A.B. asks: 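Got a structure for you, written out below as structure tokens; questions coming shortly.
It should be emphasised that the depicted structure is a prediction, and the values quoted were computed from it without experimental measurement.
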Amino acid sequence: MHGIENLFENNRAWAKGITERDPAFFERLCAQQSPKYLWIGCSDSRVPANEIVGLMPGEIFVHRNIANLVIHTDFNCLSVIEYAVEVLKVSDIIVCGHYGCGGVAAALKDDSLGIIDNWLCHIRDIYVKHEQKFASVGGENRVNLLCELNVAEQVANVCRTSTLQRAWTRGADVCVHGVIYDLRDGLLKDLGLRAERITDLQPAYRLAVSK
Ligand code: CO
């Protein structure tokens, strides 16, 4: 049986519950969305953005892909970032990785999985760049170390986009954060990565954008 009837049932119950608690909820959301946050996370079904940070519809703009990558030529992700910054005017961009990420784990193996090999090659690049950090790290810790390094690299990639550089140059107050989620206890950890001005970007990446 390929039924999705239960999803419609769940949906009706969900909408009813929200309307009972707040009769004007959907009416307000129709009028406008004004989220303060942009979330860039992994597609993994165990890391649902809204739920783990306790936010309602309308409160967080979300982009997810395998292994939460921000690639310079990915117009999907770049469009999301530009829309979030330029139109929604979010104040915070959160890059969220997670320990035990299957995409990151796959990048540490030599199995060929299909088209995703090319996507995950970006993570292999990060491993090669930081290879010396893995010298005394074994087992599952190798995956988790690469999960953290991946978040740091993706935070840097967000900062390197022309969108963020233009926003910072004109004085927009937008901060980029790197966090990681632990599937084992449901808790988010702040990796202490934070960028909020053009000088947080290495000079080699800075563009002479006009205000
Ligand atoms: Co993942």
A.B. asks: Under 3.5 Å, is there a donor-acceptor pair between the His177 and Asp190 side chains?
C.D. replies: no
A.B. asks: For residues Arg142 and Tyr127, is any side-chain donor paired with an opposing acceptor at under 3.5 Å?
C.D. replies: yes
A.B. asks: For the pair Asp117 and Leu113, evaluate side chain to side chain contact (heavy atoms under 4.5 Å, CB included) and give the outcome as yes or no after the intermediate values.
C.D. replies: CA-CA 6 Å; Asp117 297 336; Leu113 303 169; 3.7 Å; yes
A.B. asks: Measuring only between side-chain heavy atoms, which start at C-beta, is Glu148 closer than 4.5 Å to Val151?
C.D. replies: no
A.B. asks: So how far is it from Ile4 CD1 to Asn11 CG, rounded to the nearest 0.5 Å?
C.D. replies: 10.5 Å
A.B. asks: Within the distance-only criterion (no hydrogens, no angle test), does the side chain of Trp39 pair as donor or acceptor with the backbone N or O of Ile60 below 3.5 angstrom?
C.D. replies: no
A.B. asks: Can a side-chain donor-acceptor contact be found between Asn150 and Gln154 if the only test is distance below 3.5 angstrom?
C.D. replies: yes
A.B. asks: Please verify the inter-ring angle class for Tyr83 with Phe61; under 30° counts as parallel, over 60° as perpendicular, anything in between as tilted.
C.D. replies: tilted
A.B. asks: Indicate yes or no for a side-chain donor-acceptor contact from Arg124 to the backbone of Ala107 under 3.5 Å, with no hydrogens or angles considered.
C.D. replies: yes
A.B. asks: Ignoring hydrogens and angles, tell me if any N or O in the side chain of Gln165 forms a donor-acceptor pair with the backbone of Arg160 under 3.5 Å.
C.D. replies: yes
A.B. asks: Are Ile198 and Leu201 side-chain neighbours, meaning at least one heavy-atom pair lies under 4.5 Å?
C.D. replies: yes
A.B. asks: Do Ile94 and Val53 have side chains that approach each other closer than 4.5 Å (heavy atoms only, starting at C-beta)?
C.D. replies: no
A.B. asks: Test your reading of the model: is there a side-chain donor-acceptor pair from Asn68 to the backbone of Ile40, 3.5 Å cut-off?
C.D. replies: no
